[in-house]
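Order of the sequence lines sets the chain letters (A, B, ...), proteins ahead of strands, with each chain counted from 1.
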2 protein chains.
Amino acid sequence: MTSSSAPAPRRATLADVAHAAGVSTSTASVVFSGRTRVSDATRERVLAAAADLGYAGPDPRAASLRLGRSGIVAVVLEGHLRTAFLDPVTIPMMDGLTDGLASLGAGVLLLRDEPGEGEVPALATAPVDAVVLIGCSGRTRASLEIVRARGLPVVVIEGDAGEGIPQITLDNREAAAEMARHIQGLGHERVAAVTLPLDSDRIRGRVTDERLGRATIDVTIERLAGARDVYPDLPAVSAGSSSIDDGVIAGRALLSDPAARPTAILAQSDLLAAGVIRAAEDLGLRVPDDLSVAGFDGIRVDGIGPHMLTTMVQPAVEKGRAAGEQVARMLRGESPESMHLTCRFRAGTTTAAPTI
Amino acid sequence: MTSSSAPAPRRATLADVAHAAGVSTSTASVVFSGRTRVSDATRERVLAAAADLGYAGPDPRAASLRLGRSGIVAVVLEGHLRTAFLDPVTIPMMDGLTDGLASLGAGVLLLRDEPGEGEVPALATAPVDAVVLIGCSGRTRASLEIVRARGLPVVVIEGDAGEGIPQITLDNREAAAEMARHIQGLGHERVAAVTLPLDSDRIRGRVTDERLGRATIDVTIERLAGARDVYPDLPAVSAGSSSIDDGVIAGRALLSDPAARPTAILAQSDLLAAGVIRAAEDLGLRVPDDLSVAGFDGIRVDGIGPHMLTTMVQPAVEKGRAAGEQVARMLRGESPESMHLTCRFRAGTTTAAPTI
DNA sequence: TTGTATGCGTTATCAG
DNA sequence: CTGATAACGCATACAA
């Protein structure tokens, strides 16, 4: 009957165990690390002593000091988890990341990129071996500075950190262009776009050249550029986030005026596309007869009834796994490589030739 | 022009900085920790030397050995992140957790509860100060053993770890009963339930007494018990996961036979409820006229058209925050308290009096 | 206000 | 196969 509030006299250390087993600490250490052969007899004695003293293995803190690594990789997300995980591609990506890191036996430390109420950013003092930055934009830039100052290996997913920092990127521009060509091939001429946020201010509204010039989120910029490679004058509305609700808002903005109504809308994410579809149907438009809607990401979207979104499928899990693998390489002392992953067109039921 | 592949000769240490600044290491240490007054003059000198040597602050690994804590709290999730985050309440809960931990400046280390391919579980060697277990069931039980062996403070969310381990629980049984009474109050007599998985096997199908006896997931057991407090003979079908798709499957199973069709279905999660609604509408039934459907969780569900789910809203963020706060207490040496949080009934448009 | 001494718990090296 | 020794880099009590 051990009470959990019992004041542990003092945790047993490796030295205690060694002493109790009548061996040196180095021998005891080797029993646990297994890096050298030990006779079965002494191993038994050490293990017995350990069990006896309630020793649960080497203290990770001491080990990490000695070894120079902690087995932890930081992932820096923007803002609240709620926000970061609102994007459905985040989860498969994180999953890929943990997979890619598995070869290291490393865990993932979730860090927020917040101002942090005047505190020193956790990133500056976290015992991590490497850092993965996601979407190096705005505030994330500050994280990059900290990381570089600490001299930690870093990989950037979907963002450009410049100067020889390995990055995992998507062919956003080419993929967006491919989708635009699909729409063009169907015969659409009056087309509009709904973009992801332009910067961390996340202001909604018509995308002017001036606003675009100040934009900081690469994904948004690239996907719009790709679409405009095909439709140079493509009008666009920016959303406040990648969500169905924001898609509805942007959709309304583009569809409310029947005179200026496009026949196709290119959304920069599947969630936005779902919102656009909802907005269209609320206005009595039929998809794809009256309006074609294209998405981006290739996630499974609930809530658009019988529709199957026409979209560009991005390799989300691969993205994370690639980042994890590059981190592993850097930690092994090998030189990392930037990787460029490609999206795949997937036809759905939400795009068709215009009927007008 | 610093190349990132430059072989750093050796990272500067606090001692180097102190030496360069012509002060002792303790003085230099204090400059960074700020735990004692230092004259502006020496502070300047130390900082200058640090900048000069590219010293980015104390090595967290050494600091954590010295201080006896790492500022990291582990969260153990079941299976792939994909699976854990499939449950929409996980994200707000994690958010609450990081909030609750914020007072400690602690980060969250995501750990999977996997077999791990014969490797030692990361939990056994991760440099963490405390552990949060989620839904202490089955495999998680093994994690608990490791944690106890290491003598780490631990808090369990929605699970019973027994023996004085603080837990954050929900009034699942009472809440489920409250919902059942709502349905009863509307006049329903033929009612059925769709439950969450019974155990980690996640087998779908009719819930027999025998299967229920072997069930290991407390949430499922409790919510079903609550419903049966009101409808003692309530038939139930278990889902393979908390998802819309699984809700559809369970819904079909319950509704396919017109003769034995219930007039109300109590789903153990909102996603399952959404699936049931979809299954009902696929069969030509109207909700709530032909079938009342109740959910559980109070998340925002897309994909059920105009419906507003009648549900029990659980305090997801609070759950996480409470866990974080208890961890903080334990690390401050105060004794932790188990907390029991309550759900709130929210009326929607998916339940009504039976029309037959 | 600053310096001195000590130990946090390990693990790598190398000699026996 | 085992043991002595020396770091790993830092933060604190205490003395100056």
Roughly, in whole Å, what's the span from CG in A:D16 to C1' in C:dC8? 13 Å

Whole angstroms only, please: what is the CG-P distance between A:L14 and C:dG7? 18 Å

With a 4.0 Å cut-off on heavy atoms, is B:S39 in touch with a base, just the backbone sugar-phosphate, or nothing at all? sugar-phosphate

Is it true that B:E145 and B:R148 have a side-chain N and a carboxylate O under 4.0 angstrom from each other? no

Quick one, which residues of residues 59-67 of chain A touch DNA chain D with a heavy atom under 4.0 Å? A:L65, A:R66

Considering only heavy atoms from C-beta outward, does the side chain of B:P153 approach that of B:L331 to under 4.5 Å? yes

Below 4.5 Å, heavy atoms only, C-beta onward: do B:Q167 and B:H340 meet side chain to side chain? no

Nearest nucleotide by nearest heavy atom, which residue falls closer to the 5' end of DNA chain C, A:T36 or A:A12? A:A12

Pairing of B:D95 and B:K319 as salt bridge, 4.0 angstrom limit: no

Where chain A begins and ends its contact with DNA chain D, read 5' to 3' at 4.0 Å from heavy atoms: D:dC1 to D:dG9

I need the single residue from A:V128, A:V132, A:L152 that forms a side-chain contact (heavy atoms from CB on, under 4.5 Å) with A:V147. Which is it? A:L152

Roughly, in whole Å, what's the span from CZ in B:R35 to P in C:dT1? 16 Å

Heavy atoms only, 4.0 Å cut-off, all strands: where does B:T13 land among base, sugar-phosphate and nothing? sugar-phosphate

Taking the basic N atoms (NZ, or NE/NH1/NH2) and the acidic carboxylate oxygens, is any pair closer than 4.0 Å for A:D99 and B:R112? yes

Compare all side-chain heavy atoms of A:V317 with those of A:M93 and state whether any distance is below 4.5 angstrom. no

So, B:Q326 side chain and B:E337 main chain: donor-acceptor pair closer than 3.5 Å or not? yes

Aromatic rings B:Y55 and B:F32: how do their planes relate, parallel, tilted or perpendicular, breaks at 30° and 60°? perpendicular

For the side chain of B:R43 and the backbone of B:V31, is there at least one donor-acceptor N/O pair under 3.5 Å apart? no

Rounded to whole Å, how long is the line connecting atom NE2 of B:H19 with atom P of C:dT4? 13 Å

Looking at A:D129 and B:R61, does any basic side-chain N land under 4.0 Å from a carboxylate oxygen? yes

By nearest-nucleotide position on DNA chain D, the 5'-leaning member of A:S26 and A:D40 is A:D40

Determine the contact category for B:F32: base if any of its heavy atoms lies under 4.0 Å from a base atom, sugar-phosphate if only primed atoms, P, OP1 or OP2 are that close, otherwise nothing. nothing

Using a cut-off of 4.0 Å on non-hydrogen atoms, how would the nucleic acid contact of B:V38 be classed: base, sugar-phosphate, or nothing? sugar-phosphate

For the helix from C:dT1-D:dA16 to C:dG16-D:dC1, figure out the bend between the end axes, five pairs an end, and round to 10 degrees. 30°

